[in-house]
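Take a look at the structure set out below.
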Amino acid sequence: MSKLKRSAREALLKLVPDWQDEGRINILLLGIDKQDTREGNTDVMMLASIDPGTKSALLLSIPRDLCIDECDTYLDRLNGVYEREGPDVLKQKVSEILGLPVDFFAAVNFNGFAEAIDLLGGIEFWVDRDFDELFEFLETREQLRLRLDSGWHELTGREALLLARSRQFDPGGDFARICRQQQLVRQIREKAVSIQIVPRIPELLLGLGEWFETDFPVASMPSFAELAMTIPSSRLHSQAITDENDMLETITGTDGAHLLRPDLDEIHDFVDQALLQSVSDKPGGVPVYCPAPPPR
């Protein structure tokens with residue numbers, strides 16, 4: 001039976017047309033802080049920038065407390081734009097911050113993130129420290145505890161979700177949390193590659209249902225997914241907008257909100273350098289907050 005399934009998948013893959021556009025494509029990946037709806041703050045924001053010509057990609061994280069406009073209150077945080085003004089406005093704001101066009105977006109809430117990992121059969125993940133934390137989902141008052149020792153683990157969707165949400169005990173604060181989120185995305189991709197995900201895209205989209213939203217053309221998803229799967233792990237670079245290199249200034253809003261004011265010139269220079277590095281044969285650098293996982 002497994003041989004039959006493998007043959008069927010290989011036959012389906014042959015029917016998927018190659019991705020034709022040689023230009024760089026930038027997709028804004030959003031994680032919404034709600035369990036049952038798509039309306040909420042985008043507390044996870046990453047730009048996936050893929051260059052088909054060099055078969056390379058850059059995954060660039062943006063902190064949720066980065067502020068825009070007046071940078072005066074919590075209402076000026078970038079992570080509230082999606083809920084208040086919609087994805088098109090958020091794409092434009094991110095484009096201005098990074099100095100890059102944003103072609104598409106893809107947003108998923110708590111349930112969608114966990115369900116996607118379960119549909120993949122779980123993921124392997126390296127936990128860099130012991131976790132013992134109680135989480136509460138505000139909409140349902142459901143409480144879940146995450147207990148993990150440091151080391152490699154097989155994670156379910158719920159465990160991966162709680163790990164991505166954790167903000168306790170990290171000396172790096174939200175920046176360390178960003179590193180875990182990037183590593184989770186990398187491991188999700190590795191699992192997707194290992195199970196030849198392209199023929200299963202319709203099943204995944206149906207499984208995610210109302211928990212997922214995107215403006216990426218559905219008909220082009222299999223071709224793009226096949227392109228993304230062919231990028232070697234060594235050519236997938238991760239970076240983050242952090243307080244390194246004077247890119248962000250920590251300020252307190254008039255309402256007491258924790259805000260990060262961006263220096264756009266510094267950020268644009270940093271992004272340009274990160275893109276240049278991502279298309280080279282040199283190993284990608286990572287933020288100081290991101291320890292590299294040891295060999296499995």
| request: Over all heavy atoms of both residues, which pair between D246 and E266 is shortest? Give the atoms and the distance, please. | output: O-CG, 3.9 Å
| said: Grouping I, L, V, M, F, W and Y whenever their side-chain heavy atoms are under 4.5 Å apart, do F216 and L227 come out in a common cluster? | reply: yes
| Between I197 and M229, is any pair of side-chain heavy atoms under 4.5 Å apart? | yes
| message | Could you work out, with side-chain hydrogen bond (donor to acceptor under 3.5 Å, both in side chains) as the rule, every residue matching E203, not counting sequence neighbours? | response | R200
| Nearest-0.5 Å distance that lies between atom CG in N111 and atom CG in L161 | 8.0 Å
| request: Using distance alone, with no hydrogens and no angle criterion, decide if T42 and N79 have a side-chain donor and acceptor under 3.5 Å apart. | output: no
| task | Supply the atom-to-atom distance E96 CD to H268 NE2, rounded to the nearest 0.5 angstrom. | result | 8.5 Å
| S238 vs R186, side-chain hydrogen bond (donor to acceptor under 3.5 Å, both in side chains): CA-CA, chis, key distance, verdict | CA-CA 9 Å; S238 298; R186 278 179 167 268; 2.9 Å; yes
| Shortest non-hydrogen contact from M46 to V44? | CE-CG1, 4.1 Å
| field | Hydrophobic cluster membership, L260 vs I251, 4.5 Å side-chain cutoff | value | no
| said: So, using side-chain hydrogen bond (donor to acceptor under 3.5 Å, both in side chains) as the criterion, who are the partners of R189 when residues are at least two apart? | reply: none
| query | Would you call T252 and L259 a side-chain contact if the rule is heavy atoms closer than 4.5 Å? | reply | no
| query | Can you check whether Y82 reaches E213 side chain to side chain, under 4.5 Å on heavy atoms? | reply | yes
| said: Would R261 and L248 count as a side-chain contact (heavy atoms from CB on, under 4.5 Å) here? Give the steps. | reply: CA-CA 5 Å; R261 190 200 307 274; L248 301 173; over 6 Å; no
| Less than 4.0 Å between a side-chain N and a carboxylate O, is that true for D103 and R24? | no
| task | Determine the minimum heavy-atom distance between S56 and S278, stating which atoms define it. | result | CB-O, 3.1 Å
| message | Quick check: do Q183 and F125 have side-chain heavy atoms less than 4.5 Å from each other? | response | yes
| request: Would you give the length of the straight line joining atom CD of E210 to atom CG of L208, rounded to the nearest 0.5 angstrom? | output: 9.5 Å
| task | Look at the side-chain heavy atoms of Ile, Leu, Val, Met, Phe, Trp and Tyr, link any pair under 4.5 Å apart, and say whether L206 and F212 land in one connected group. | result | no
| field | Under 3.5 Å side-chain donor-acceptor pair for E190 and S233 | value | yes
| CZ/F105 to OG1/T214 distance, rounded to the nearest 0.5 angstrom? | 5.5 Å
| said: Closer than 3.5 angstrom, by distance alone: can the side chain of N109 be matched with the main-chain N or O of I32 as a donor-acceptor pair? | reply: no
| task | With R129 as the cation and F131 as the aromatic partner, state whether NZ or CZ is under 6.0 Å from the six-membered ring centre and within 45° of the axis. | result | yes
| note | Between P295 and W152, the two heavy atoms sitting closest are O-NE1, 3.6 Å
| query | Any chain of hydrophobic side-chain contacts (each under 4.5 Å) joining L276 to L100? | reply | no
| note | Output for pair (R235 CZ, I50 CD1), nearest 0.5 Å, gives 13.0 Å
| request: Taking all non-hydrogen atoms of both residues into account, name the closest pair between L60 and A240 and its distance. | output: CD1-N, 3.9 Å
| field | Close side-chain approach of F110 and K34, heavy atoms under 4.5 Å | value | no
| request: State whether R147 and D130 are salt-bridged, where the test is any N-O pair (Lys NZ or Arg NE/NH1/NH2 against Asp/Glu carboxylate O) under 4.0 Å. | output: no
| said: With a 4.5 Å cut-off on side-chain heavy atoms, are T242 and P63 touching? | reply: no
| So if you build clusters from Ile, Leu, Val, Met, Phe, Trp, Tyr with side-chain heavy-atom gaps below 4.5 Å, do V94 and V89 land together? | yes
| Can D174 and R64 be said to form a side-chain contact (heavy atoms from CB on, under 4.5 Å), step by step? | CA-CA 8 Å; D174 263 5; R64 65 189 186 124; 2.7 Å; yes
| task | Enter the distance from R77:CZ to C67:SG here, rounded to the nearest 0.5 Å. | result | 9.5 Å
| message | Can you confirm whether L275 sits close enough to F270 that some side-chain heavy atom of one is under 4.5 Å from a side-chain heavy atom of the other? | response | no
| said: Could you check whether D43 pairs with R165 (Lys NZ or Arg NE/NH1/NH2 to Asp/Glu carboxylate O, under 4.0 Å)? | reply: no
| request: Report the C-alpha distance between L162 and E133 in whole Å, list the side-chain angles of each, state the deciding distance to 0.1 Å, and finish with yes or no for side-chain contact (heavy atoms from CB on, under 4.5 Å). | output: CA-CA 9 Å; L162 299 182; E133 191 171 344; over 6 Å; no
| Heavy-atom distance under 4.5 Å between the side chains of F224 and I27, does that happen here? | yes
| Check: N245 side chain, M247 main-chain N or O, donor-acceptor pair, under 3.5 Å | no
| query | What is the minimum heavy-atom distance between L184 and A164, and which atoms define it? | reply | CD1-CB, 3.6 Å
| request: Please say whether more than 12 non-hydrogen atoms of neighbouring residues, nucleotides or ligands are located less than 6.0 Å from CZ in F104. | output: yes
| said: K93 vs L78, test: side-chain contact (heavy atoms from CB on, under 4.5 Å). Steps then yes/no. | reply: CA-CA 8 Å; K93 296 290 186 184; L78 184 67; 3.9 Å; yes
Per-pair distances, 0.1 Å, donor-acceptor, side chain in residues 115-123, under 3.5 Å, sequence neighbours excluded:
unit_1 : atom_1 : unit_2 : atom_2 : d
D118   : OD1    : G157   : N      : 2.8

| request: Tell me, yes or no, whether the heavy-atom count around Q143 atom CD, taken from other residues, nucleotides or ligands under 6.0 Å, exceeds 12. | output: yes
| Partner of I241 under side-chain contact (heavy atoms from CB on, under 4.5 Å), chosen from L98, I97, I178, L47 | L98
| query | Side chains of Q277 and Q273: is there a donor and an acceptor less than 3.5 Å apart? | reply | no
